[in-house]
There are 2 protein chains.
Amino acid sequence: MAMTTLDAATHRAGAGREKVVAAALDLFAERGVSATSLQMIADRLGVTKAAVYYHFKAKRDIVLAVVRPALAELGSVVEDAERERSQAVRTEQLLVGLVDLLIRNRRLYAILEGDLAVAQILATDPLLAPLGERLVDALVGPDPDPGQIVAANLFLAGLKSVGAGGAADIPDAELRGYILDCAHRLLRRRRQPTGRSGPS
Amino acid sequence: MAMTTLDAATHRAGAGREKVVAAALDLFAERGVSATSLQMIADRLGVTKAAVYYHFKAKRDIVLAVVRPALAELGSVVEDAERERSQAVRTEQLLVGLVDLLIRNRRLYAILEGDLAVAQILATDPLLAPLGERLVDALVGPDPDPGQIVAANLFLAGLKSVGAGGAADIPDAELRGYILDCAHRLLRRRRQPTGRSGPS
DNA sequence: GTCTATAGATGGATAGAC
DNA sequence: GTCTATCCATCTATAGAC
């Protein structure tokens, strides 16, 4: 029974649904999630609110649909890195994957933590919620000093903002280099104040 | 005729007004600006919406009142730095002032660009709007390479997030050191690809 | 699959009594 | 200076016709 190639995961996968997601992404990036109403999404598509509600039973689900694909990718990047044994390799692989992901969809990152409402929605999703913590952990390695945690958090928070608007005029390949440079500067090992000085 | 010591600048400066600002700061930090209603602010104070409207004629004005003191301080920091002749001194002075400001009121920074609604409100204020640009300019100096602009933006964006929640358990003095370390790593001059290699 | 219509709640904001 | 009461707009969400 050919109900298209995919159908279970997303409950309905028509072109209409994807148009809603695309329009929502536009509006979320422009005005923020809380300030975007279903009416605006419907207007942009030239349909009515009720038509939007055919595809999604709540606004919350639209937010998740907009954000989930990239976060799923992010999850893969983190998992791949976590399998790496050397911390140096792990960090580098994570960084490259992270920056690539950002470059590929700059606007999305503006939404991710830009609105506290989104953070609250993501916190309710059991798969997505712990991602941030795992990210920092994989990035800095085991028993990091606090300075490195601060640096990692600062970098991750800065990432999204740079993707958002701070560097809209810089082409992808170039921006990628700049960001990786920032990451290397920030995360290069500090002089350890805690003993344990050699590589494992 | 003694109408209290101050009265012109803030149109009314009673204890009630300051309580509203304090409650709003709490709620904005917890839930974001858009998601905070006047009803919630009133409830937290045990008064009614109308009582809040006695002090502020619109929600927008509450947001500005919450944010303006710190932004005014930020303005002073930027101005002081702009008067400095050496770019190296200018950057360093700016950084120290910036980090101090962040440390002194961590929560506020979470609000500043955390909600796009706030950005839109600030953009309408003639004094506050150009601050961000001047900040970056003063931080990186004249004709910066794009990499440095990216680094500066990344740092500034990371700043607010670190103040917000990423490092809630780190004491002020220590956090201050970590952040300054990050700043120095990020903003230390790159090898210039554009000629002009020496100090002025 | 998209519509009209509307429910039901809540938002910001105002008028006027006390 | 704080209240009650209210206005009106808008919001999310649902029911049911086409």
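Quick note on labels: first sequence line is chain A, next is B, and so on, each numbered from 1. Computed from heavy atoms alone, side chains included, the values below leave out hydrogens, waters and symmetry copies.
- You'll find that the side chain of Ala50(B) is closest to dT14(C), out of dG11(C), dC3(C), dT14(C).
- The residue Ser34(B) sits apart from the nucleic acid: no heavy atom pair falls under 4.0 Å.
- As rounded to whole Å, 17 Å separates atom C1' of dT2(D) from atom CD1 of Ile41(B).
- Taking atom CD of Gln39(B) as the reference point, atom C1' of dA13(C) lies 13 Å away to the nearest angstrom.
- Closest to the side chain of Ala51(A), from the set dC11(D), dG12(C), dC3(C), is dC3(C).
- Under the 3.5 Å distance criterion, the side-chain polar atoms of Asp181(A) are left unmatched by any main-chain donor or acceptor of Gly177(A).
- Between the side chains of Gln148(B) and Arg189(B), at least one donor N or O sits under 3.5 Å from an acceptor N or O.
- Computed from coordinates, the Lys59(A) NZ to dT12(D) P distance equals 5 Å when rounded to whole Å.
- Counting only heavy atoms from C-beta on, Thr48(B) has its side chain closest to dT4(D) among dT4(D), dC11(D), dT14(D).
- Considering only heavy atoms from C-beta on, Thr91(A) stays 4.5 Å or farther from Glu84(A) through its side chain.
- The CG atom of Leu98(A) lies 6.0 Å from the CG atom of Leu74(A); values are rounded to the nearest 0.5 Å.
- Taking 4.0 angstrom as the limit, Tyr54(B) places a side-chain polar atom (N or O) nearer than this to OP1 or OP2 of dG1(D).
- Separating the NZ atom of Lys19(B) from the P atom of dG1(D) is a distance of 12 Å, rounded to the nearest angstrom.
- Across the interface with DNA chain D, nearest-nucleotide mapping of Lys57(A) and Met40(A) shows Met40(A) to be the residue nearer the 5′ end.
- Here dC7(D) presents its C1' atom at 13 Å from OH of Tyr53(B), a figure rounded to the nearest Å.
- Whole-Å rounding puts the Leu45(B) CG to dC3(D) P distance at 10 Å.
- For Ser37(B), no side-chain nitrogen or oxygen approaches OP1 or OP2 of dT10(C) to under 4.0 Å.
- For Asp43(A) and dT12(D), the CG to P distance is 12 Å, given to the nearest whole Å.
- Atom pair Lys49(A):NZ and dT2(C):P shows a separation of 17 Å (rounding to whole Å applied).
- Screening Leu112(A), Val21(A), Ile62(A), Leu25(A) for a side-chain contact (heavy atoms from CB on, under 4.5 Å) involving Val67(A) leaves a single residue, Leu112(A).
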